[in-house]
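Numbering starts at 1 and runs along the sequence shown. Values reported hereafter were calculated over all heavy atoms of this structure, with side chains retained and with hydrogens, waters and symmetry mates removed.
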Amino acid sequence: MPNTNAPIAKIIPKKLRKHNQIRIDNYYWLNNRENPEVLNYLNQENAYYQEQTAHTKEFQNNLYEEMKSRIKEDDTSVPYFYNGYYYFTRMEKGKNYPLYTRRKEFIDAPEELLFDCNEMANGQAFFQLGSISVSPNNKLALFSFDIIGRRIYTLKIKNLETHLVSEDVIENTTGNAVWANDNETLFFSSQDLGTLRSDKIFKYKIGSNLNPELVYFEKDETFSVEIAKSKSRKYLAIEAASTLSSEYQILEADNPDGNFRVFQKRKRGVEYAISHYNDYFYIKSNCDGADNFKLLKTPENKTNKKFWKEVIPHRNDVLLEDVEIFKDFLVLEERSNGLNKIRIRSWDSEIDYYLPFESETYTAFTGTNVDFDTTILRYSYQSLATPSSIIDFNMKTHEKEIKKEQEVVGGTFIKSNYIEERIWAVAIDGTKIPISLVYHKKIQKKGTNPLLLYAYGSYGYSMDASFSSTRLSLLDRGFIFAIAHVRGGEDLGRNWYEGGKLLTKKNTFTDFVACSQFLIDEKYTSNKHLYAEGGSAGGLLMGVIANTNPELYNGIIAQVPFVDVVTTMLDDSIPLTTGEYDEWGNPNKKEYFEYMLSYSPYDNVTAQNYPNMYISTGLHDSQVQYWEPAKWVAKLRATKTDTKKLYFDINMDAGHGGASGRYEDLKELAKEFIFLFELEGIKK
């Protein structure tokens with residue numbers, strides 16, 4: 001039964017017809033952020049949430065300060081050297097945004113301030129710096145910024161000698177921009193303002209009266225485009241990519257007025273990525289049935305696939321994720337048995353080894369490596385209980401230098417106080433699903449521990465185990481934190497992804513349920529103390545399990561959840577829809593329509609008891625429109641049969657990524673933690 005104090009959205013039935021079926025959507029009217037009635041309803045939801053949680057405000061503030069106190073407020077990134085300068089990012093105490101600086105030639109040279117994002121954000125409810133690109137002569141910098149949260153960026157040019165910003169202002173870009181080698185021509189990507197699909201590449205010459213020239217338009221609505229410059233600085237490359245296919249066009253950066261030429265024509269189901277070194281391109285591709293990708297090479301003047309020669313073959317049990325090229329070494333980022341591997345191989349194959357990682361709940365990946373002629377590989381390592389480290393590794397001598405380890409301020413963090421595990425649940429079809437866990441060593445498996453289980457499970461994104469100082473606020477209060485590496489991600493290779501998309505999407509949901517039940521059976525927790533969390537496509541997962549297995553969870557946190565699957569995927573006028581057909585299916589086809597409809601959280605809300613729920617969104621979200629969770633909450637309030645907590649928290653100034661600013665996200669996180677602590681009776 002609905003809580004009588006909660007907002008009740010009015011019902012305006014709308015008939016939605018497709019494939020000889022009629023769906024009645026009572027809350028379709030919420031799809032209009034310009035409608036004062038809609039804004040009034042959202043404000044009522046916010047007011048209700050604030051009223052219901054008013055008694056926790058002091059605890060929220062204390063928790064915010066606790067998490068903030070672990071962060072080193074005066075902090076500087078490990079510098080990297082590029083084109084004659086050392087580049088730094090610095091945070092200052094009490095400030096919400098970073099400062100970008102550089103030093104010429106020597107690491108102790110006088111500091112040159114490039115951008116102070118605190119000044120740039122002054123007076124803005126939201127601010128995000130998109131990208132910075134310094135011209136080859138080091139005198140100019142392209143920079144982009146978003147002040148709405150909808151990922152629509154304004155592009156400007158700053159003179160780094162005079163510190164003046166040019167009057168040239170290019171609006172409505174994606175924030176993606178690069179320089180040609182002449183120091184006066186730039187290329188940038190722009191999007192359709194309705195769908196926000198990145199579909200155009202423009203060329204702009206400084207001083208040309210703000211008249212950018214269109215150099216490429218992507219007609220296929222399932223593809224998006226971006227522009228990049230090769231590590232060798234010799235080529236500009238336009239990448240057109242969809243979920244299943246990719247295509248590059250290249251142009252010498254010394255010849256910005258030339259014509260881009262196709263590297264290899266697109267073919268459905270074939271993905272490839274290119275890297276240039278010396279006289280060759282190196283290609284990572286899944287061509288010829290290489291589901292887990294292989295590495296090939298071809299002369300730079302013979303880019304057609306018929307000239308590609310194999311360098312690293314395809315392996316059924318190893319996913320090739322990325323490559324890093326050096327003069328004497330090839331570095332491969334691989335994934336096997338669900339774990340990151342970094343493989344170092346000399347070009348003559350006489351040297352071939354893996355960096356040793358002992359934990360089973362870690363993340364390792366290459367960092368900023370901008371030079372070819374070096375024996376030093378920079379990489380990053382962290383685990384659920386190990387703070388992030390940036391390491392310089394000598395590939396010849398095997399010596400390593402920890403350039404920086406994340407500092408947990410306060411002196412209370414002791415790594416040995418926490419236990420990391422990787423365990424395996426069994427899905428309903430017999431597939432083994434890995435789970436990564438971390439908890440305080442004082443925890444005993446008696447079935448009474450509160451446990452927060454997180455998952456995503458879409459787009460082939462792997463959820464690697466990473467450290468979080470804010471998570472200590474959970475662990476030190478007796479929580480177990482776990483990640484379910486469900487299908488739909490790429491945690492165990494490409495087939496792991498293929499087994500959780502399109503007409504196998506339900507594996508994502510049943511895998512999560514199997515992991516939940518396994519954690520209960522093994523006495524890590526119980527259904528009275530188990531909590532689930534996911535955001536965006538992971539929020540879809542939360543919506544499904546709330547419908548199918550509400551009895552397993554005491555609470556669910558759903559961040560910017562994608563829950564109105566069918567209606568959204570039938571609307572090709574809103575962002576992301578057409579490009580997502582290869583992920584979810586095209587509901588204009590009956591088979592996909594019926595499959596989506598069978599799991600879509602909004603369409604499957606039913607009169608039953610639901611767990612306690614905390615649902616959040618941003619009014620300007622460009623990825624998952626705010627009205628999806630708004631409609632979902634309205635329907636839940638009117639339909640569910642319990643009186644448990646149902647909170648809807650809308651950030652009226654933010655988009656998909658939440659609030660901007662270094663500490664604002666801590667305030668949002670404090671709300672989520674308080675939701676959990678309240679349900680567990682934790683008062684401080």
Side-chain angles (χ1 to χ4, degrees), residues 130-131 151-153 173-178 187-192 195-202 214-231 235-251 260-276 281-296 298 303-305 308 319-323 333 456 458-462 488-490 493-494 497-498 500-502 536-537 569 572 574-586 622-623 656:
S131 63
R151 301 183 184 182
I152 301 174
Y153 292 86
T173 80
T174 66
N176 166 229
V178 297
F187 292 83
F188 65 92
S189 56
S190 181
Q191 71 267 71
D192 181 283
T195 65
L196 298 188
R197 179 175 72 93
S198 177
D199 59 358
K200 305 176 192 72
I201 302 293
F202 285 94
L214 179 66
V215 297
Y216 181 75
F217 172 67
E218 177 54 59
K219 297 178 181 178
D220 190 327
E221 293 182 347
T222 67
F223 278 72
S224 297
V225 297
E226 63 178 23
I227 183 80
K229 196 173 189 179
S230 66
K231 179 177 172 179
Y235 287 96
L236 302 168
I238 296 173
E239 180 190 9
S242 69
T243 303
L244 295 176
S245 310
S246 54
E247 178 183 84
Y248 283 81
Q249 297 189 40
I250 58 173
L251 174 67
F260 282 86
R261 57 190 182 275
V262 174
F263 186 92
Q264 166 58 40
K265 188 177 180 180
R266 69 186 67 177
K267 180 180 179 182
R268 181 168 173 78
V270 176
E271 301 170 63
Y272 69 93
I274 60 176
S275 302
H276 178 258
F281 279 101
Y282 292 81
I283 308 111
K284 180 178 77 84
S285 179
N286 66 346
C287 62
D288 303 322
D291 292 340
N292 279 334
F293 292 85
K294 58 184 176 179
L295 185 66
L296 309 103
T298 193
T303 63
N304 189 280
K305 182 179 174 294
W308 297 3
L319 174 68
L320 178 61
E321 293 193 317
D322 208 352
V323 298
E333 290 189 76
Y456 185 72
S458 292
Y459 302 105
Y461 293 160
S462 299
E490 218 165 49
R494 187 70 172 188
Y497 171 39
E498 298 293 341
K501 60 184 287 196
L502 297 174
S536 194
M569 293 303 296
D572 60 11
I574 61 177
L576 299 184
T577 295
T578 55
E580 307 270 295
Y581 288 157
D582 288 330
E583 177 71 24
W584 310 102
N586 183 348
S622 60
Q623 316 304 109
H656 196 64

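- Interatomic distance, CZ of Phe217 versus NZ of Lys200, reported as 6.0 Å (0.5 Å rounding).
- Taken to the nearest 0.5 Å, the CD atom of Glu490 stands 5.0 Å off from the CG atom of Leu319.
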Tell me, with the steps shown, if Ser245 and Asp582 meet side chain to side chain contact (heavy atoms under 4.5 Å, CB included).
CA-CA 10 Å; Ser245 310; Asp582 288 330; 6.0 Å; no
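- At most 12 heavy atoms of other shown residues, nucleotides or ligands fall within 6.0 angstrom of atom CZ in Arg268.
- A 4.5 Å side-chain heavy-atom check between Ser190 and Thr174 finds every atom pair outside the cut-off.
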I would like to know whether Lys501 and Thr243 meet side chain to side chain contact (heavy atoms under 4.5 Å, CB included); could you show each step before the answer?
CA-CA 11 Å; Lys501 60 184 287 196; Thr243 303; 4.2 Å; yes
With side chain to side chain contact (heavy atoms under 4.5 Å, CB included) as the criterion, how do Leu320 and Asn292 come out once you've worked through the C-alpha distance, each side chain's angles and the decisive distance to 0.1 Å?
CA-CA 6 Å; Leu320 178 61; Asn292 279 334; over 6 Å; no
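- Separating the OG atom in Ser275 from the CD1 atom in Ile283 is a distance of 9.0 Å, to the nearest 0.5 Å.
- Interatomic distance, CD of Gln264 versus NZ of Lys305, reported as 7.5 Å (0.5 Å rounding).
- With contacts defined as side-chain heavy-atom distances shorter than 4.5 Å, the pair Ile201/Ser189 qualifies.
- Counting heavy atoms from C-beta outward, Glu583 and Leu502 have side chains that stay 4.5 Å or more apart.
- Between Phe223 and Glu221 the shortest side-chain heavy-atom distance does not fall below 4.5 Å.
- The backbone N or O of Gly460 sits nowhere less than 3.5 Å from a side-chain atom of Arg494 that would complete a donor-acceptor pair.
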Would Tyr235 and Leu251 count as a side chain to side chain contact (heavy atoms under 4.5 Å, CB included) if you check the C-alpha gap in whole Å, the side-chain angles of each, and the deciding distance to 0.1 Å?
CA-CA 6 Å; Tyr235 287 96; Leu251 174 67; over 6 Å; no
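- Looking at Ser131, its side chain does come within 3.5 Å of a backbone N or O of Gly175 through a donor-acceptor pair.
- Of the inter-residue distances, the one linking Glu239 atom CD with Tyr272 atom OH reads 9.0 Å to the nearest 0.5 angstrom.
- Glu247 places no side-chain N or O within donor-acceptor distance of the main-chain N or O of Lys265, the cut-off being under 3.5 Å.
- Side chains of Glu580 and Tyr459: a donor-acceptor N/O pair is present below 3.5 angstrom, by distance only.
- A search for side chain to side chain donor-acceptor pair (under 3.5 Å) contacts involving Thr222 returns Asp220, not counting sequence neighbours.
- Ion pairing between Arg266 and Glu271 fails under the 4.0 Å rule for side-chain N and carboxylate O.
- Looking only at side-chain heavy atoms (C-beta outward), Phe202 and Val215 stay at 4.5 Å or farther from each other.
- For the pair Ser198 and Asn176, the minimum side-chain heavy-atom distance is 4.5 Å or more.
- Smallest separation of non-hydrogen atoms from Lys294 and Asp288: NZ-OD2, 3.8 Å.
- In this structure, Tyr497 has its ring center at least 6.0 angstrom away from the ring center of Tyr461.
- Ring geometry for Phe263 versus Trp308: interplanar angle of 30 to 60°, hence tilted.
- Within the cation-pi definition used here (under 6.0 Å to the ring centroid, within 45° of the axis), Lys284 qualifies as a partner of Phe293.
- For the pairing with Phe260, the side chain to side chain contact (heavy atoms under 4.5 Å, CB included) check across Phe187, Tyr216, Tyr248 returns one residue only, Phe187.
- Within the 3.5 Å criterion, the main-chain N or O of Gly269 finds a donor-acceptor partner in the side chain of Asn286.
- Summarising the geometry of Ser285 relative to Val270, their closest heavy-atom pair is OG-CG1, 4.1 Å, with the distance given to 0.1 Å.
- In this structure, Ser458 and Trp584 have side chains that are in contact, with non-hydrogen atoms separated by less than 4.5 Å.
- Contact check for Ile250 versus Ile274: side-chain heavy atoms found under the 4.5 Å cut-off.
- For the atom pair Ile227 CD1 and Gln249 CD, the distance stands at 9.5 Å (nearest 0.5 Å).
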